[in-house]
Every structure is written in structure tokens, then in C-alpha cells.
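Below is one structure; the comments refer to it alone.
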Amino acid sequence: MNWDAISAVSQLVGSIAVVVSVLYLAVQLRSSTRVARVAAMDAAAAALRDVTKPFMENAELARIWRTGLENLETLSPDEQARFFHAAHQFLKALETIHYHYVYGLLDPQLWAGWRDLLHHYVACPGIRFYLTRRNAVFSERFANSSPNWNRWSNE
């Protein structure tokens with residue numbers, strides 16, 4: 001065997017090794033992306049659970065949330081402040097979920113469910129009132145994910 005043949009065989013072996021390495025990296029990247037998506041979905045659900053869990057554990061806060069959604073005027077100023085704080089946390093959790101969706105970390109079918117939940121709450125009078133006062137603390141892209149958000153925020 002001459003040096004040209006040895007060089008050709010070496011180049012062939014090197015090329016095959018590069019192709020195998022690239023394929024291996026592609027498989028690992030795909031697996032890593034899948035893990036990141038699952039982690040993002042879990043984190044999103046956990047964030048919203050963390051916000052809503054106090055409503056189940058604290059009857060007074062649950063009453064404030066329920067009343068504030070439908071009839072904000074019947075709450076005292078201190079209760080309204082608690083409602084506004086809860087509304088902010090709730091909507092920020094949904095905004096984070098939306099962010100995960102926009103960047104491809106949340107399955108579109110899962111976002112559809114979260115989006116329907118958002119639409120439900122944005123339609124409540126207490127949330128609509130909150131948005132007229134605090135619309136600017138949410139991203140425009142998130143606000144545009146709910147069809148009537150901008151109409152309510154400009155009242």
C-alpha cells in the first residue's frame with residue numbers, strides 16, 4: 001500500500017467518524033430539546049398552581065378572589081388591594097406560560113387550554129377593571145393573545 005492509498009482510507013474513516021458524530025449530536029440535541037419542553041410545561045403548570053393554591057387553602061382569600069372577579073365594588077379597599085395583587089400574580093403566571101408557547105417550549109394544544117383559561121378570566125369584570133389600571137405591566141404580545149384585552153384596557 002502506498003501513502004496515497006493510506007491517506008485516502010484515513011480520510012474516508014475520518015469522514016465517517018464526523019458523520020457519526022454529527023448524527024449522535026443531533027439525537028442528543030433532540031432528546032435535550034424534548035426534556036427542556038417537558039420541564040417548561042411542568043414549570044408553567046407549577047407556577048399557576050403556586051398562584052392558585054392559596055385560594056384553596058385560605059377561605060378568606062378564595063372569597064376575595066371570587067367576589068373580586070364578579071363584583072369588585074363590594075370589596076373593601078384592603079380586599080381590593082389583595083384582589084389586585086392576586087390578579088397580577090395570576091396573569092403573570094399565564095404570561096410566563098404564553099412566553100413558553102411563543103418560544104416553542106409549550107405544545108400548541110396545551111397552550112390552547114391555557115389560552116381558554118385566560119379568555120375566561122379576562123372576561124370577568126374584576127380582571128377587566130384591573131387591566132384598565134395595570135395593562136402596561138404585561139407584554140403587548142401577551143395582551144394580543146386574548147381577543148378583547150386591548151378593548152378592555154382602553155376603557
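The chain is numbered in sequence order, starting from 1. Note that these values count all heavy atoms, side chains included, but never hydrogens, waters or copies made by symmetry.
A search for salt bridge (Lys or Arg N to Asp or Glu O under 4.0 Å) contacts involving R49 returns nothing, not counting sequence neighbours. Contacts of W111 classified as ring-ring contact (aromatic ring centres under 6.0 Å, His included), with partners at least two apart in sequence or in another chain: H98, Y101. With sequence neighbours left out, P125 forms a side-chain contact (heavy atoms from CB on, under 4.5 Å) with E70, R128. With sequence neighbours excluded, the residues that form a side-chain contact (heavy atoms from CB on, under 4.5 Å) with E95 are K92, F138, S139, F142. Listed by chain and residue number, nothing satisfies the ring-ring contact (aromatic ring centres under 6.0 Å, His included) test with H120 (two or more places apart in sequence, or in another chain). Residues forming a side-chain contact (heavy atoms from CB on, under 4.5 Å) with N71 (at least two apart in sequence, or on another chain): E73, T74. Scanning for side-chain contact (heavy atoms from CB on, under 4.5 Å) contacts around S21 gives an empty result, with sequence neighbours left out.
Separating the OG1 atom in T96 from the CG atom in L106 is a distance of 11.5 Å, to the nearest 0.5 Å. Note that the CG atom of L61 and the CZ atom of F55 stand 5.0 Å from one another [nearest 0.5 Å]. The distance from the OG atom of S76 to the CD1 atom of I64 is 7.0 Å, given to the nearest 0.5 Å. Note that CG of L105 and CG of L110 are 12.0 Å apart. Values are rounded to the nearest 0.5 Å. Rounding to the nearest 0.5 angstrom, the gap separating the CG atom in L69 from the CH2 atom in W65 is 5.0 Å.
Every pair passing salt bridge (charged side-chain N to carboxylate O under 4.0 Å, His left out) that includes a residue from residues 57-66 is listed here, sequence neighbours excluded: K53-E57, E60-R63, R63-E79.
When all heavy atoms of Q80 and L75 are compared, the pair lying nearest together is NE2-O, 3.1 Å.
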Show the atom names and distances, to 0.1 Å, of all donor-acceptor pairs under 3.5 Å that link a side chain in residues 84-91 to residues at least two apart or in another chain.
{"residue": "H85", "atom": "NE2", "partner": "Q89", "partner atom": "NE2", "Å": "3.1"}
{"residue": "H88", "atom": "ND1", "partner": "Y130", "partner atom": "OH", "Å": "3.0"}

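By the rule that hydrophobic residues join a cluster once side-chain heavy atoms approach within less than 4.5 Å of another member, Y103 and L118 end up as members of one cluster.
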Before you tell me yes or no, could you show the steps for T67 and L72 under side chain to side chain contact (heavy atoms under 4.5 Å, CB included), namely the whole-Å CA-CA distance, both residues' side-chain angles and the distance that decides it to 0.1 Å? CA-CA 6 Å; T67 303; L72 195 58; over 6 Å; no

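Heavy-atom contacts from other residues, nucleotides or ligands closer than 6.0 Å to OH of Y99 number 12 or fewer.
A side-chain donor-acceptor contact under 3.5 Å links N144 to the backbone of E140.
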